[in-house]
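Below is one structure, written out as structure tokens, with a few remarks after it.
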Amino acid sequence: MTTADINFYFDPVCPFAWMTSKWVRMVQRERDYSVEWRFISLRLLNSHIDYDAHFPPEYEAGHTAGLRLLRAASSVREQYGREGVTALYATLGDHIFDSDPVPDEDPAHRGTREFLAPILDELGMSDAHLDALDDAGRDAEIQAETDEALALTGKDVGTPIIHFRPPEGVAFFGPVISRLPDPSEAAELWDHVVGLARFPGFAELKRSLREMPQLRGLGVSEDEAGATEDWHGGSRRQKR
């Protein structure tokens with residue numbers, strides 16, 4: 001199998017991974033890169049954590065929905081290969097983050113058959129993949145790719161993780177971005193990120209203040225700045 005230029009490890013319910021993936025697609029078109037969308041599960045990553053004590057109340061349901069969708073993505077990959085996952089992640093993101101928010105939607109709904117069925121239909125994919133939502137036997141594969149991603153960066157990270165020019169190339173968590181660059185600046189930003197990450201002594205460049213991403217599903221339009229929040233350990237803590 002041909003090695004992709006970029007391995008992008010994603011959880012489908014993470015808004016920051018989705019925003020970064022949109023930027024990577026811009027770079028992909030500019031540089032003619034191939035991208036393999038691989039799995040990292042926030043629910044499995046945090047399996048040892050007491051959600052009630054460490055995260056806002058909606059996180060456990062949301063992360064569990066992400067794991068269920070990754071099971072379906074695993075099933076899609078078996079039938080359709082890399083291209084199937086590419087199409088599925090793009091369409092999931094369109095429905096979750098680039099569509100108007102559903103008032104009072106339960107985060108768990110995104111991991112249901114009712115949510116996924118019309119997406120599979122839109123893609124022309126079999127509804128047999130709905131059964132994978134409940135197939136915990138797929139978790140070993142998802143855990144293996146989660147471990148693979150963490151082996152590249154260390155464990156105190158989340159999603160996305162990007163591996164450029166695998167297997168020997170540079171890997172890093174993020175970048176976490178809240179706004180898309182202008183198309184003319186997308187590749188330039190990429191060059192800066194990869195250039196910094198390639199420096200042998202580079203370890204981390206970070207701040208915990210984040211704007212909510214400019215995504216319709218989060219109620220933030222492209223012409224406004226999202227509320228700034230202070231994040232710690234992958235969790236929203238307080239708004240500024």
| Is a side-chain donor or acceptor of Thr153 paired with a backbone partner of Phe172 at a separation under 3.5 angstrom? | no

| task | Would you give the length of the straight line joining atom CG of Leu67 to atom CG of Asp139, rounded to the nearest 0.5 angstrom? | result | 4.5 Å

| said: Test side-chain contact (heavy atoms from CB on, under 4.5 Å) on Tyr80 and Leu123; report intermediate values, then the result. | reply: CA-CA 11 Å; Tyr80 300 102; Leu123 292 169; over 6 Å; no

| message | Can you tell me if Asp182 has over 12 outside heavy atoms packed within less than 6.0 Å of its CG? | response | yes

| query | Does the side chain of Asp11 reach to within under 4.5 Å of the side chain of Phe16, using non-hydrogen atoms? | reply | no

| request: Apply side chain to side chain donor-acceptor pair (under 3.5 Å) to the pair His95 and Glu122, showing each step before the final yes or no. | output: CA-CA 11 Å; His95 281 261; Glu122 180 180 335; 2.8 Å; yes

| field | Heavy-atom pair of closest approach, residues Ile40 and Ala149 | value | CD1-CB, 4.2 Å

| query | Are any side-chain N or O atoms of Thr64 and backbone N or O atoms of Glu60, one a donor and one an acceptor, separated by less than 3.5 Å? | reply | yes

| Are Phe199 and Leu205 joined in one hydrophobic group, where the rule is that I, L, V, M, F, W and Y side chains link up if heavy atoms are under 4.5 Å apart? | yes

| task | State whether the side chain of Gln214 and the backbone N or O of Asp223 hold a donor-acceptor pair below 3.5 Å, judged by distance alone. | result | no

| said: Quick one, Phe8 and Gln28 - any side-chain contact, counting heavy atoms below 4.5 Å? | reply: no

| remark: Between the OG1 atom in Thr91 and the CD1 atom in Ile96, the distance rounded to the nearest 0.5 Å is 10.5 Å

| Can Arg165 and Val194 be said to form a side-chain contact (heavy atoms from CB on, under 4.5 Å), step by step? | CA-CA 11 Å; Arg165 303 294 192 191; Val194 172; over 6 Å; no

| Roughly how far apart are Glu185 CD and Glu30 CD, rounded to 0.5 Å? | 12.0 Å

| message | Any donor-acceptor pair under 3.5 Å linking the side-chain atoms of His163 with those of Glu148? | response | no

| request: Taking the side chain as every heavy atom from C-beta outward, state whether Leu92 and Trp18 have any pair of such atoms under 4.5 Å apart. | output: no

| said: Checking the side chain of Thr20 only, and the main-chain atoms of Pro175 only, is there a donor and an acceptor separated by less than 3.5 Å? | reply: yes

| Salt bridge present between Glu141 and Arg71 (N-O < 4.0 angstrom) | no

| note | CE of Met19 to CD of Glu211, rounded to nearest 0.5 Å, is 9.5 Å

| said: Check the orientation of Tyr89 and Phe10. Use parallel for under 30°, tilted for 30 to 60°, and perpendicular for over 60°. | reply: parallel

| Under a 4.5 Å cut-off applied to non-hydrogen side-chain atoms, are Asn46 and Leu42 in contact? | yes

| message | For Asp191, is there an ion pair with Arg31 - N to carboxylate O distance below 4.0 angstrom? | response | yes

| remark: Closest heavy-atom pair, Ala4 versus Ser34, reported as atoms and distance to 0.1 Å, is CA-OG, 3.3 Å

| query | Is there side-chain contact between Leu116 and Leu130, with heavy atoms separated by less than 4.5 Å? | reply | yes

| task | Calculate, to the nearest 0.5 Å, the distance between atoms CZ and CG belonging to Arg113 and Leu120 respectively. | result | 10.0 Å

| message | Between Glu145 and Arg77 (salt bridge meaning N to carboxylate O under 4.0 Å), is one present in this structure? | response | yes

| How are the rings of Phe164 and Trp190 set relative to one another: parallel (under 30°), tilted (30 to 60°) or perpendicular (over 60°)? | perpendicular

| task | Mind listing the closest non-hydrogen atom pair of Ala186 and Met26 along with its distance? | result | CB-CE, 3.8 Å

| So do Ile162 and Asn7 actually touch side chain to side chain, heavy atoms under 4.5 Å? | no

| query | Do the side chains of Val85 and Arg82 get nearer than 4.5 Å, heavy atoms only? | reply | no

| field | Arg216 with Asp100: basic N within carboxylate O range, under 4.0 Å | value | yes

| remark: Value for CG (Leu69) from CZ (Phe39), rounded to nearest 0.5 Å, stands at 11.0 Å

| field | Donor-acceptor contact below 3.5 Å, side chain Thr112 vs main chain His109 | value | yes

| message | With a 4.5 Å cut-off on side-chain heavy atoms, are Trp23 and Leu189 touching? | response | yes

| field | Arg25/Ser21 under side chain to side chain donor-acceptor pair (under 3.5 Å): CA gap, chis, key distance, verdict | value | CA-CA 6 Å; Arg25 288 186 180 92; Ser21 78; 3.0 Å; yes

| task | Might you point out which heavy atoms bring Pro107 and Glu58 nearest each other, and give the distance in Å? | result | CG-CB, 3.8 Å

| Backbone N or O of Ala17 within a donor-acceptor pair of the Thr159 side chain at under 3.5 Å? | no

| request: Name the orientation class of the two ring planes belonging to Phe55 and Tyr51 (parallel below 30°, tilted from 30 to 60°, perpendicular beyond 60°). | output: tilted

| request: Apply the test salt bridge (charged side-chain N to carboxylate O under 4.0 Å, His left out) to residues Glu222 and Arg179: give CA-CA distance (whole Å), side-chain angles for both, the deciding distance (0.1 Å), then the verdict. | output: CA-CA 8 Å; Glu222 294 180 0; Arg179 311 179 191 186; over 6 Å; no

| field | Closest heavy-atom pair and its distance - Pro15, Pro213 | value | CB-CG, 4.3 Å

| Which atom names give the shortest non-hydrogen contact between Gly111 and Ala65, and what distance separates them? | N-CB, 3.5 Å

